[in-house]
There are 2 protein chains.
Amino acid sequence: MTDEQTGQTGAGVGPGGPAKPKKADLTRRTIVETALRLFREHGYEGTTMRAIASEAGVSIGNAYYYFESKEHLIQAYYGRSNAEHLVACVDALETERDLKQRLLAVLYTKIETAQPYHRFAGQLFKTAADPASPLSPFSSESMPTRREATELMALVVEGSDARVSPELADELPNLLWLYLMGIILFWIHDDSAGCARTFKLIDRTADIVVNLINLSSLTLMRPLVRRAVQLTGELRALAGPGAEPVPGGQERSSE
Amino acid sequence: MTDEQTGQTGAGVGPGGPAKPKKADLTRRTIVETALRLFREHGYEGTTMRAIASEAGVSIGNAYYYFESKEHLIQAYYGRSNAEHLVACVDALETERDLKQRLLAVLYTKIETAQPYHRFAGQLFKTAADPASPLSPFSSESMPTRREATELMALVVEGSDARVSPELADELPNLLWLYLMGIILFWIHDDSAGCARTFKLIDRTADIVVNLINLSSLTLMRPLVRRAVQLTGELRALAGPGAEPVPGGQERSSE
DNA sequence: TTCTGTTTTTGAACACGTTCAACAAGTGCA
DNA sequence: TGCACTTGTTGAACGTGTTCAAAAACAGAA
């Protein structure tokens with residue numbers, strides 16, 4: 001499974017197809033593990049491709065045989081990040097029914113699981129910030145990873161006792177995903193001890209978000225809700241034609 | 001004046017002090033002008049420092065004498081961008097009284113004046129996205145530039161006939177600046193012809209924003225307003241201790 | 001005018017991301 | 001088993017951002 005996932009988030013064009021796990025997969029995995037470890041220890045800029053190749057026991061050219069660029073090594077982080085996060089928050093999602101508690105659980109665990117990577121989080125953002133990059137959260141290449149995250153948000157809402165405006169229901173996972181992106185962005189910039197400021201921000205903003213969701217069915221808010229839905233549509237246009245709303249509660253795609 | 005401004009946004013540690021304009025200032029300016037021109041023509045990545053130095057008629061080392069890095073050349077763009085924007089929107093701000101129209105004027109002119117630089121806008125964002133970079137919009141080095149922008153937003157509100165909740169009044173320029181940042185972020189990713197999608201988004205979101213501002217004095221919204229104000233406080237903490245709210249309507253600092 | 005100190009200029013060299021021709025190892029078929 | 005093709009490996013070389021010791025130019029005082 002982990003092999004399968006890494007393969008999926010690896011360089012799309014490169015080797016490591018669906019064939020049997022073999023020497024190539026081992027090499028690829030070794031390179032990724034080494035890279036992520038060195039990134040954590042020395043930071044992204046402080047880690048050279050030569051160091052990665054050397055410590056992984058391969059040549060510099062071999063590293064590039066598997067990964068298109070140094071930046072693509074970061075892509076391995078995304079898939080792993082989602083997997084770790086899911087493991088960490090699944091219990092809470094099975095026991096909590098209150099929307100705010102569910103949301104808090106997801107947000108807290110996201111930051112907690114990401115914490116070991118805070119050292120190179122700035123580089124994550126810088127890399128993701130390039131609109132032309134396949135690593136951009138809005139890129140079509142990131143679609144699978146993004147879908148996982150929005151489906152998790154759909155679970156947050158679906159398993160809760162909250163009353164959501166029907167107009168909003170389909171778009172809410174995407175809006176919550178954007179909210180999560182905002183939190184992560186704040187976390188990246190947060191240099192307080194243990195990223196305490198981020199957790200405080202989560203508490204504050206989760207309140208606002210849940211209040212807004214609860215208000216969404218009021219007649220007074222109807223026009224605003226409609227516009228928020230349109231806004232997500234505009235933002236989705238950035239990601240190209242495959243970026244459809246997640247039907248709430250639908251069975252996960254096998255991808 | 002232009003020299004003064006460029007000097008201010010140049011490398012803080014470098015040469016080009018407050019002394020009389022001389023050969024050094026000419027060299028610096030030539031490098032900047034050349035760089036911005038080549039960035040527009042060839043894109044940021046497609047422009048090498050050697051090309052900039054060569055076309056500016058200086059050596060590669062000389063370019064680095066004046067600018068700490070290639071990225072610092074981008075900083076010249078920020079100050080210019082604000083100046084051009086101000087010129088473009090000042091008429092509307094003197095004639096319009098409706099908050100929405102004022103806001104639309106500011107947003108539209110921002111995108112219009114930025115349009116010639118759309119070619120390397122992605123790089124702007126990528127550069128600004130590095131939390132450790134002095135070019136980050138949240139950095140203390142960007143404080144002067146950011147202040148200009150928030151003061152412009154204060155003018156938008158101050159000269160309008162809108163009724164703003166007193167709690168919100170001081171923070172509103174910062175919140176509107178964040179809104180502007182979001183629009184620019186969308187613009188950077190927008191590859192539609194003439195960035196039509198961005199203008200459409202402006203129309204849609206300005207509506208929402210103005211509605212929210214108008215709703216802000218309702219009792220029902222009071223708790224949300226208070227939280228929004230706290231949120232801006234949290235975000236301001238990222239920029240360090242100098243980032244204070246702009247007292248609404250106050251005279252511009254001479255900086 | 002000369003001297004001293006400061007500022008500006010220079011370009012070879014360095015570091016690092018990346019490329020690619022050549023080679024080695026693996027695979028499948030006759 | 002041999003051959004042709006595919007996959008995996010290698011490291012010198014390239015391009016580009018950047019550095020820094022040396023030289024040139026400038027400025028002010030005696």
(request) Measure from CE on M49(B) to C1' on dG11(C) and round the result to the nearest Å. (result) 14 Å
(request) Decide yes or no on side chain to side chain contact (heavy atoms under 4.5 Å, CB included) for R40(B) and L36(B), but give the supporting numbers first. (result) CA-CA 6 Å; R40(B) 284 200 302 273; L36(B) 290 183; 4.2 Å; yes
(request) Check whether the side chains of T150(B) and N174(B) place a donor and an acceptor atom closer than 3.5 Å, and report yes or no. (result) no
(request) Please state whether the phosphate of dG8(D), meaning OP1 or OP2, lies under 4.0 angstrom from any side-chain nitrogen or oxygen of Y65(A). (result) yes
(request) Let me know the distance between NZ of K70(B) and P of dA15(C), rounded to the nearest Å. (result) 21 Å
(message) Measure CG/N62(B) against P/dT18(D) and give the value in whole Å, please.
(response) 16 Å
(request) Please state how far atom OH in Y44(A) lies from atom P in dC16(C), giving the value in whole angstrom units. (result) 14 Å
(request) Check if the side chain of R50(B) and the base of dG17(D) share a donor-acceptor pair of N or O atoms closer than 3.5 Å. (result) yes
(request) Verify the contact: side-chain N or O of T27(B) to OP1 or OP2 of dT9(C), cut-off strictly under 4.0 Å; return yes or no. (result) yes
(request) Classify the side-chain pair H85(B)/T109(B) by whether it contains a donor and acceptor separated by less than 3.5 Å. (result) yes
(message) For the residue pair S81(B) / K110(B), report whether a side-chain donor-acceptor contact shorter than 3.5 Å exists.
(response) yes
(message) Whether K23(A) contacts dT7(D) is assessed here as follows: a side-chain N or O lying under 4.0 Å from the phosphate OP1 or OP2. Is that the case?
(response) no
(message) Rounded to whole Å, please give me the gap between CD1 in I60(A) and P in dA22(C).
(response) 21 Å
(message) When you measure from the side-chain N and O atoms of Y64(B) to the phosphate of dT18(D), is any distance below 4.0 Å, counting only OP1 and OP2?
(response) yes
(message) Can you measure Y66(B) atom OH to dT10(C) atom C1' for me and round it to whole angstrom units?
(response) 13 Å
(request) Would you mind reading off the distance between I74(A) atom CD1 and dG17(C) atom C1', rounded to a whole angstrom? (result) 13 Å
(request) Report the distance from atom CG of D25(A) to atom P of dT7(D), rounded to the nearest whole Å. (result) 13 Å
